[in-house]
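A short worksheet on the structure shown next.
We name chains A, B, ... by the order of the sequence lines, and we start the count at 1 in each one.
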Amino acid sequence: MSELKAIGWFQNLKDDELKQVEAMGIMKQYRAKEAVFVQGEILTHYFFVVDGLIHAYHQNRDGKKWIASLFSCGDLFPHTGLVDEENRYPANGETITPCTLFMIRREKMHELMNCFPSIERQLTQFFAKKSQELMNRYSDSVLEPALVQLVSLLKRLAQQSGVRATDGWVLISAMMTEQDMAGYIGVTPETVSRLLNRLYREKRAKSVGRGKIYINVERC
DNA sequence: CCATTAATTGGCA
DNA sequence: TGCCAATTAATGG
């Protein structure tokens, strides 16, 4: 059960403290494409990602969806209600791949911060990092063409869950679908499909069946 | 298998 | 690039 140590937040805790933290929440398994929370509902729990990929997205009445953020191992979400008074989920949370999440009630989360100041400091750093990521992503969405944004996304996935293969190729498995990528970048699925095929032609990436892509780190 | 969903492709704005 | 339509591929019973 000490999977918690692996996610970064609790590394400098003593064993008994770690047990104390484990007792404050529960480890939960999710299947792929399973809802974790719904936008607008009362915020009852926070989630630490132990394993897997989750997205938070907004959706309009036509069903168009925009992925606000991606969470992988070591991330904590949602990001509201901890240092402000917001008490509803700001977006829809849904797993992309099968996931293992450490789930902790809101009240316990505040208790956790009070009991362990070191974790509260990490939270501040975490927010700063996420804020920076969001700003970079937004500037890319305005300044860069979709191809560049797609490559950035693939690089990020490679860095987070990629497996090194032979000579400069990294395998990204357990991938988002192309629709997900489209939703993240803010373009249509057709565009993503065409851009990916372009990357394949240019030998900057290659496909290994659905959901698995090799990317050439050097050329990207 | 069939039904459903995802991805591809071509045409046109 | 986006949107639409027509196919083709893949996935899950």
Between A:Met176 (CE) and B:dA6 (C1'), how many Å, whole number?
15 Å
Could you tell me which residues satisfy side chain to side chain contact (heavy atoms under 4.5 Å, CB included) with A:Asn114, sequence neighbours excluded, listed by chain and number?
none
Using a strict heavy-atom distance below 4.0 Å, which residues from residues 187-198 of chain A are in contact with DNA chain B?
A:Glu190, A:Ser193, A:Arg194, A:Asn197
Take atom OH of A:Tyr200 and atom C1' of B:dA7, then tell me their distance rounded to the nearest Å.
10 Å
Rounded distance (Å) that lies between atom P of C:dC3 and atom CD of A:Gln179
14 Å
Test: salt bridge (charged side-chain N to carboxylate O under 4.0 Å, His left out). Region: residues 125-142 of chain A. Which pairs qualify, not counting sequence neighbours?
A:Asp75-A:Lys130, A:Lys130-A:Glu133
For A:Met181 and C:dT1, what is the distance between atoms CE and P respectively, to the nearest whole Å?
16 Å
Pairs flagged by salt bridge (charged side-chain N to carboxylate O under 4.0 Å, His left out) wherever residues 81-106 of chain A is involved - sequence neighbours left out
A:Arg105-A:Glu107
Show me, pair by pair, the donor-acceptor contacts under 3.5 angstrom made by side chains of residues 119-127 of chain A, not counting sequence neighbours?
from	atom 1	to	atom 2	distance (Å)
A:Gln122	NE2	A:Trp9	O	3.0
A:Thr124	OG1	A:Glu120	O	3.3

Tell me what A:Lys212 touches on the nucleic acid: a base, only sugar-phosphate, or nothing, going by heavy atoms under 4.0 Å.
nothing
With a 3.5 Å cut-off and no angle check, do the side chains of A:Ser139 and A:Asn136 form a donor-acceptor pair?
no
Got a sec, which pairs hit salt bridge (charged side-chain N to carboxylate O under 4.0 Å, His left out) with one end in residues 151-160 of chain A, sequence neighbours left out?
none
Without decimals, in angstroms, what is the distance between A:Leu199 CG and B:dT8 P?
12 Å
Between A:Lys33 and B:dA6, is there a side-chain N or O to OP1/OP2 distance below 4.0 Å?
yes
